[in-house]
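Working notes, structure below.
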Amino acid sequence: MHYPASKLPHIGTTIFTVMSQMANEYKAINLSQGFPDFDGPSALLNAVGAYIAKGMNQYAPMSGLPVLREQIAAKVQRIYGNPVSADEVTVTSGATEALFAAIAAVVRPGDEVIMFDPAYDSYDPAVELNGGRSIHLQLQPPQFAIDWAQVKAAITPKTRLIILNSPHNPTGSVLTAADMQQLIELVRGTDILLLGDEVYEHIAFDGQQHQSLNRYPELYERSFVVSSFGKTYHATGWKIGYCVAPPPLTAEFRKMHQYLTFATCTPMQLALADILRDEPEHADHLPQFYQQKRDLFCSLISNSRFKFTPSAGTYFQVVDYSALSDLPDTAFCEWLTKEVGVAAIPVSVFCKVPPNMRLIRFCFAKGDETLQRAAERLCAI
Ligand code: GLN
């Protein structure tokens with residue numbers, strides 16, 4: 001028996017799985033994989049249980065429950081002023097599925113897809129599996145801002161898609177209104193499509209406004225805008241996300257979604273629809289909630305030998321460890337987990353060209369006491 005050659009020969013197990021397993025094995029404080037160590041609103045948790053007990057346990061409609069899609073459309077209108085209808089919303093099994101479905105819907109063999117390194121790890125394999133070619137541009141520390149002249153130079157007749165991620169995982173940078181104007185100029189008069197990974201849409205700090213593609217009609221007409229309830233409701237394990245896109249793109253997106261998962265978990269969709277209707281202000285409190293955690297974590301590690309600029313968004317903090325070690329970042333994270341008892345994510349795994357700084361990422365979506373214990377260990381190195 002000869003098994004076929006791998007379709008993704010250079011891909012192993014994701015760093016998130018590797019580091020969380022290592023954290024468990026060595027009983028380290030897990031600041032690696034991004035997930036909160038606290039629950040979302042109890043009304044939401046109870047509603048899921050109640051819907052299960054009521055027998056709401058069969059397939060949801062393929063595109064998502066209308067009650068949820070309507071609430072998502074209302075939220076997009078309220079926050080971003082985009083007058084979308086529920087027909088432009090598709091509920092997916094996490095943002096990961098939505099990203100894959102969007103890429104699969106539009107990327108053909110030979111198409112080029114521009115993405116920015118460090119880039120979230122699911123983009124590149126999705127492009128490759130669909131025969132596309134990823135064009136990796138570098139975000140330079142410490143701002144990790146997009147160099148629009150570089151983007152312009154990278155555009156060719158084969159450019160099908162640009163993938164944007166703001167607030168940005170892993171660096172915590174946030175696109176500005178000026179960035180969006182540059183993007184508008186760049187794509188005007190072209191057929192280039194946009195994929196906005198906006199899963200941290202409600203986690204932008206210091207009063208900054210999240211620059212959703214939904215805010216700009218000229219951009220929205222060519223966009224898939226992806227988000228995830230996992231981040232917003234502290235429930236990453238539920239894997240419920242969604243994609244908002246204009247009708248022609250939604251039609252193609254749903255063709256992929258219906259054969260990737262068909263439909264998404266029913267009782268959770270019902271519960272999320274309820275909380276969006278009953279507590280729309282939940283999302284408005286998130287920036288403050290996570291900003292306090294960022295500030296606490298940054299002040300706790302301010303006496304360490306790590307160097308950093310506080311994150312502008314997300315629940316991640318990138319730090320430079322060059323004053324502590326000459327180890328490559330993957331080896332440093334292994335050492336940190338095993339010897340210091342704190343797990344982190346190496347940033348180079350998100351980069352085609354290794355960054356010229358020694359960077360690792362900590363997740364600060366943790367209880368204050370956990371952050372304190374982790375910081376004590378980090379300051380002792
Ligand atoms: N997005 C999360 C992170 O960045 C992890 C998601 C996953 O494990 N696939 O840490």
Side-chain angles (χ1 to χ4, degrees), residues 8 11-25 28-38 40 92-103 115-126 129 139 144 163-174 195-204 226-243 260-261 264 286 290 293-294 297 311-319 329-330 333-334 336-337 342-351 355 359-366 370-371 374:
L8 294 171
I11 299 274
T13 303
T14 79
I15 192 67
F16 307 118
T17 299
V18 169
M19 291 314 303
S20 273
Q21 270 174 2
M22 200 185 293
N24 289 340
E25 190 181 340
I29 300 171
N30 190 0
L31 305 190
S32 65
Q33 190 180 25
F35 61 89
D37 68 353
F38 39 83
T92 60
S93 299
T96 310
E97 193 229 332
L99 293 166
F100 193 94
I103 290 167
M115 59 185 77
F116 300 93
D117 284 1
Y120 188 63
D121 67 342
S122 79
Y123 309 152
D124 192 291
L129 286 171
L139 300 174
F144 298 104
I163 305 181
L164 297 148
N165 171 211
S166 180
H168 185 256
N169 177 11
T171 70
S173 68
V174 166
L195 171 54
D197 180 349
E198 302 188 3
V199 301
Y200 301 100
E201 63 180 323
H202 301 302
I203 318 183
V226 168
S227 192
S228 171
F229 291 110
K231 323 291 162 184
T232 306
Y233 290 100
H234 314 314
T236 61
W238 289 10
K239 298 296 293 185
I240 315 266
Y242 58 89
C243 175
L260 280 169
T261 57
T264 296
L286 271 195
Y290 275 118
K293 296 212 172 283
R294 177 202 65 176
F297 185 62
S311 264
T314 75
Y315 46 50
F316 302 116
Q317 180 63 52
V318 162
V319 301
D329 60 357
T330 305
C333 283
E334 190 173 332
L336 198 65
T337 306
V342 181
I345 295 286
V347 169
S348 69
V349 299
F350 304 114
C351 303
L359 301 173
I360 60 171
R361 186 198 82 179
F362 292 117
C363 171
F364 54 76
K366 306 292 169 191
T370 305
L371 295 177

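Each ligand, and each atom within it, is numbered from 1 in the order the structure gives. The basis for the numbers below is simple: all heavy atoms, side chains too, and nothing from hydrogens, waters or symmetry mates.
- Using the six-membered ring where Trp is involved, Phe16 and Phe350 have ring planes that are tilted, between 30° and 60° apart.
- Taking 4.0 Å as the cut-off, Asn169 counts as a neighbour of ligand 1 on heavy-atom distance.
- When hydrogens are left out, the protein atom nearest atom 1 (N) of ligand 1 is Tyr120 OH, 3.2 Å; that is the closest non-hydrogen contact.
- By the 30° and 60° cut-offs, the orientation of the rings of Tyr290 relative to Phe38 is tilted.
- When all heavy atoms of Gly34 and Arg361 are compared, the pair lying nearest together is N-NH2, 3.6 Å.
- Residue Arg361 touches ligand 1 through its side chain alone, judged by heavy-atom distances below 4.0 Å.
- At least one cation-pi condition fails for Lys239 and Phe229: the charged atom is not both under 6.0 angstrom from the six-membered ring centre and inside a 45 degree cone around its axis.
- Using a 4.0 Å heavy-atom cutoff, Phe35 is absent from the residues neighbouring ligand 1.
- Contact check for Lys231 versus Leu286: no side-chain heavy atoms found under the 4.5 Å cut-off.
- Comparing heavy-atom distances from atom 7 (C) of ligand 1 across Tyr315, Phe16, Phe350, Phe316 singles out Phe16 as nearest.
- From the protein, the heavy atom lying nearest to atom 8 (O) of ligand 1 is Gln33 NE2, 2.7 Å.
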